[in-house]
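This report concerns only the one structure given below.
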Amino acid sequence: MLKRFTLLWALLCCTILLGGASNTVAAADIKVLTAGAMKAVVISLQPGFEGKTGHKLIIDNGTAGDLARRIGAGETFDVAIITPAVVADLTKQAKVVAGSDANIAAVGIGVAVKDGAAKPPIGTVEEFKQALLAARAVAYIDPKAGGSSGIYFDKLLERLGIAEAVRAKAKLKSGGYVADLVASGEADLAIHQISEILPVKGVTLVGPLPAEIQNLTIYAAGVGAAARDADASRALIAYLMGAEADAILMAKGMRRP
């Protein structure tokens with residue numbers, strides 16, 4: 001009887017240990033490379049995803065151009081959240097698993113001023129143009145850094161016929177929150193993705209660009225070809241596409257594509 005009890009106890013302990021080891025193996029570290037506009041969304045969803053799955057997110061961000069260069073140079077990752085065009089190009093390079101991509105979110109460009117400052121009218125193209133010309137300094141992402149909003153806005157200045165005047169007083173950032181330059185008083189206006197204006201303390205969102213000149217940037221996610229755990233990476237993308245992410249996207253000034 002004692003021998004039988006001892007054997008059963010040993011089997012039970014073994015089962016517990018193996019079960020713990022299995023859970024440890026199932027949990028994965030997921031390296032996420034995300035464009036700046038999506039960073040706040042991923043961080044907000046991180047606790048819920050980690051709590052449900054046991055996986056841990058390691059989040060790094062940069063402009064779309066910066067991430068494309070880093071990945072092209074050989075940096076490994078598990079999930080990348082960039083623009084569809086960049087994800088498609090990385091798929092052609094065999095850096096992203098074909099068929100793993102999904103369009104996650106879309107966001108427009110907005111205008112910000114310092115808290116307490118007068119909000120210039122920007123409801124029409126002409127009003128927006130005059131607001132840019134009247135500003136002491138205008139902050140936006142340096143187009144050379146590869147940020148989608150900076151590239152679009154710089155070309156928009158040419159379309160509006162005010163490129164020379166605005167570039168002469170531009171305050172450029174290579175990444176991060178452009179609105180920080182308004183909060184610090186270095187610029188009067190910040191032109192950036194709305195989702196990257198809302199998190200900045202000390203600034204107020206005036207509104208989006210007029211519909212006629214608005215530019216929606218779509219963000220897509222894809223699984224890295226060298227992902228350490230492809231199933232865990234796909235689980236993250238599914239979570240980003242799920243209902244729990246909808247409210248977060250809206251709160252961050254984004255929506256579904």
Please answer whether the main-chain N or O of [Y] pairs with a side-chain N or O of [X] as donor and acceptor at a distance below 3.5 Å.
{"X": "R228", "Y": "D29", "result": "yes"}
{"X": "K114", "Y": "A183", "result": "yes"}
{"X": "D188", "Y": "R136", "result": "yes"}
{"X": "E212", "Y": "V125", "result": "no"}
{"X": "K169", "Y": "A135", "result": "yes"}

Straight-line distance of [X] [atom1] to [Y] [atom2], nearest 0.5 Å:
{"X": "N61", "Y": "I43", "atom1": "CG", "atom2": "CD1", "value": "7.5 Å"}
{"X": "I81", "Y": "I237", "atom1": "CD1", "atom2": "CD1", "value": "7.5 Å"}
{"X": "I141", "Y": "T63", "atom1": "CD1", "atom2": "OG1", "value": "7.5 Å"}

Suppose clustering is done on Ile, Leu, Val, Met, Phe, Trp and Tyr with side-chain heavy atoms closer than 4.5 Å. Which residues sit in the same group as [X]?
{"X": "V96", "answer": "L33, L67, I71, F77, I82, V86, V87, L90"}
{"X": "I218", "answer": "none"}
{"X": "L216", "answer": "none"}

Residue list, side-chain contact (heavy atoms from CB on, under 4.5 Å) with [X], at least two apart or on another chain:
{"X": "A245", "result": "L45, R256"}
{"X": "T76", "result": "A226"}
{"X": "R69", "result": "D66"}
{"X": "A251", "result": "none"}

For [X] versus [Y], what's the shortest heavy-atom pair and its separation?
{"X": "D89", "Y": "Q93", "value": "OD2-NE2, 2.8 Å"}
{"X": "N103", "Y": "M241", "value": "O-SD, 3.3 Å"}
{"X": "S233", "Y": "A227", "value": "OG-CB, 3.9 Å"}
{"X": "A106", "Y": "P257", "value": "CB-CA, 4.1 Å"}
{"X": "A131", "Y": "P121", "value": "CB-O, 4.4 Å"}
{"X": "L209", "Y": "Y152", "value": "CD1-CE2, 4.4 Å"}

Of all pairs that satisfy side-chain hydrogen bond (donor to acceptor under 3.5 Å, both in side chains), the ones with a partner from residues 121-135, not counting sequence neighbours: E126-Q130
Taking the side chain as every heavy atom from C-beta outward, state whether I59 and Q46 have any pair of such atoms under 4.5 Å apart. yes
Got V113 and P120 here, is their nearest side-chain heavy-atom distance under 4.5 Å? yes
I'd like to know if [Y] and [X] are part of one continuous hydrophobic network [Ile/Leu/Val/Met/Phe/Trp/Tyr, side-chain heavy atoms within less than 4.5 Å].
{"X": "L249", "Y": "L205", "answer": "yes"}
{"X": "V42", "Y": "I58", "answer": "no"}
{"X": "V206", "Y": "L160", "answer": "yes"}
{"X": "I151", "Y": "I213", "answer": "no"}

Would you check, one step at a time, whether the test side-chain contact (heavy atoms from CB on, under 4.5 Å) holds for M254 with Q193? CA-CA 9 Å; M254 309 182 88; Q193 309 282 27; over 6 Å; no
Which residues pass the salt bridge (Lys or Arg N to Asp or Glu O under 4.0 Å) test with E244, not counting sequence neighbours? K52
Between T204 and D115, is a side-chain hydrogen bond (donor to acceptor under 3.5 Å, both in side chains) present by the stated rule, with each step listed? CA-CA 5 Å; T204 298; D115 281 352; 2.7 Å; yes
Which is it for D60 and R70 under the side-chain contact (heavy atoms from CB on, under 4.5 Å) test, yes or no, and what are the steps along the way? CA-CA 12 Å; D60 194 0; R70 286 165 56 181; 2.6 Å; yes
Whether K95 and E75 form a salt bridge (side-chain N of Lys/Arg under 4.0 Å from carboxylate O of Asp/Glu) is what I want to check. no
Step-by-step side-chain contact (heavy atoms from CB on, under 4.5 Å) determination, V111 to I191: CA-CA 5 Å; V111 180; I191 316 297; 3.8 Å; yes
For K31, does the NZ atom have more than 12 heavy-atom neighbours from other residues, nucleotides or ligands under 6.0 Å away? yes
For Y140, enumerate each residue passing the ring-ring contact (aromatic ring centres under 6.0 Å, His included) test, keeping only those at least two apart in sequence or located in another chain. F153
side-chain contact (heavy atoms from CB on, under 4.5 Å), that's the test. Do I109 and Q214 meet it? Break it down for me. CA-CA 7 Å; I109 297 174; Q214 180 59 273; 3.6 Å; yes
Please report, to 0.1 Å, the donor-acceptor pairs under 3.5 Å made by any side chain of residues 194-201, with sequence neighbours excluded.
unit_1: S195; atom_1: OG; unit_2: A37; atom_2: O; d: 3.2
unit_1: E196; atom_1: OE2; unit_2: A37; atom_2: N; d: 3.3
unit_1: E196; atom_1: OE2; unit_2: H192; atom_2: NE2; d: 3.3

Side chains of residues 174-182: which donor-acceptor pairs under 3.5 Å do they make with residues two or more places apart or in other chains?
none

